[in-house]
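See structure below.
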Amino acid sequence: MITYIGTPILVIDRLILEKFELGDTQKVFDHWISDERVTDNRVSAAHTAVSQTVERVANIVSQYEKEDFCYWAVKLKS
């Protein structure tokens, strides 16, 4: 049996894994989802406009209400 706990904050030596926030949208666009080299393994293509990323991040954030949903933002501690 699987026990779901949502998306807890995980901290390791150099990284923090935590929930995305709407304020992360520009960083998500700049450093990840607009880069074709990073997104070439995704089902959908790289985003070409921040408005696409706003929609994606908002969708992720709305899912955090569910205990069986986990999706982490990986951030450097520093």
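Taking OG1 of Thr25 as the reference point, atom CG of Asp30 lies at 10.5 Å (rounded to 0.5 Å). Atom OG1 of Thr7 sits about 10.5 Å away from atom CD of Glu67, to the nearest 0.5 Å.
Lys66 NZ: 12 or fewer foreign heavy atoms inside a 6.0 Å radius.
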Worked verdict on Leu17 versus Ile9 for side-chain contact (heavy atoms from CB on, under 4.5 Å): CA-CA 6 Å; Leu17 284 72; Ile9 295 175; over 6 Å; no

Full working for side-chain contact (heavy atoms from CB on, under 4.5 Å) between Val61 and Glu21: CA-CA 6 Å; Val61 170; Glu21 299 174 356; 5.6 Å; no

Verdict with reasoning, Val38 to Ile33, per side-chain contact (heavy atoms from CB on, under 4.5 Å): CA-CA 7 Å; Val38 176; Ile33 209 160; over 6 Å; no

Worked verdict on Ile60 versus Phe69 for side-chain contact (heavy atoms from CB on, under 4.5 Å): CA-CA 9 Å; Ile60 292 168; Phe69 181 79; 4.2 Å; yes

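Here the closest non-hydrogen pair linking Val11 and Lys77 is CG1-CE, 3.2 Å. The shortest non-hydrogen separation linking Gly6 to Cys70 is O-CB, 3.3 Å. The nearest pair of heavy atoms linking Ala46 to Glu36 is CB-CG, 3.8 Å.
Between Phe20 and Tyr71, the two ring planes are tilted [angle within 30° to 60°].
At distances below 3.5 Å, at least one donor-acceptor pair connects side-chain atoms of Ser34 with backbone N or O atoms of Phe29. Between the Thr53 side chain and the Gln26 main chain, no donor and acceptor come within less than 3.5 Å of each other. The backbone N or O of Ile16 lies less than 3.5 Å from no partner atom in the side chain of Trp72, so there is not a single donor-acceptor pair.
Within the 4.5 Å cutoff, side-chain heavy atoms of Lys75 are placed close to those of Asp24. Side chains of Asn59 and Gln63 form a contact here, defined as non-hydrogen atoms less than 4.5 Å apart.
Under the 4.5 Å side-chain heavy-atom criterion for Ile, Leu, Val, Met, Phe, Trp and Tyr, Trp32 and Leu22 are members of the same hydrophobic cluster. A single hydrophobic cluster is seen to contain both Leu76 and Leu10, as judged by linkage of ILVMFWY side chains at heavy-atom distances under 4.5 Å, directly or through other members.
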